[in-house]
Amino acid sequence: MIGMVQDRRDEAWDGGNAIGSPSIAKKVRAAGGDAVIMQAQNEAGSSGGYGSATGTFGFMAMGGSKTITTMLVVKYLQSAPTLVPADAPDVNAK
């Protein structure tokens, strides 16, 4: 793990889920990572819609909810050569 990326979006307005989105892929590559592991996904705020501001004729727009996704940025390691003990039998011998 080399870092963390956080995404905050209104799924209805910002184009869907953070997982698999091109904007997250760009952030991960910019951080030097190869992949993400989703750590948490929470909703903040109230649901969208309209609500009455007063008992009279006034209406106000309610704030939409936001999905906050926290992801761990992962960098793949190159595989290390397998170490063979000096006294091991030679598997390539005929």
Distance (rounded to the nearest 0.5 Å) between M38 CE and L72 CG:
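One gets 10.5 Å once the value is rounded to the nearest 0.5 Å.
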Supply the atom-to-atom distance M71 CE to M1 CE, rounded to the nearest 0.5 angstrom.
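Spacing of CE (M71) from CE (M1) equals 13.5 Å.
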Extract all donor-acceptor atom pairs below 3.5 Å that involve side chains of residues 20-32 and protein atoms in other chains or at least two apart in sequence.
| residue | atom | partner | partner atom | Å |
| --- | --- | --- | --- | --- |
| S21 | OG | A18 | O | 3.0 |
| S21 | OG | S23 | OG | 3.3 |
| S21 | OG | I24 | N | 3.3 |
| S23 | OG | R9 | NH2 | 3.4 |

hydrophobic_cluster_shared for V73 and L77, side chain cutoff 4.5 Å
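Cluster IDs for L77 and V73 differ.
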Hydrophobic cluster membership, V74 vs I2, 4.5 Å side-chain cutoff:
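As far as the 4.5 Å side-chain criterion goes, I2 and V74 are not connected within one cluster.
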Keeping to residues at least two apart or across chains, list the salt bridge (charged side-chain N to carboxylate O under 4.0 Å, His left out) pairs with something in residues 72-88.
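Counting only pairs at least two positions apart or across chains, the salt bridge (charged side-chain N to carboxylate O under 4.0 Å, His left out) contacts touching residues 72-88 are D34-K75.
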Determine whether V5 and D7 make a side-chain contact, defined as any pair of heavy atoms from C-beta on separated by less than 4.5 Å.
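V5 does not reach D7 side chain to side chain.
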By side-chain hydrogen bond (donor to acceptor under 3.5 Å, both in side chains), which residues pair with Q6, not counting sequence neighbours?
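For Q6 the side-chain hydrogen bond (donor to acceptor under 3.5 Å, both in side chains) partners, ignoring immediate neighbours, are T70.
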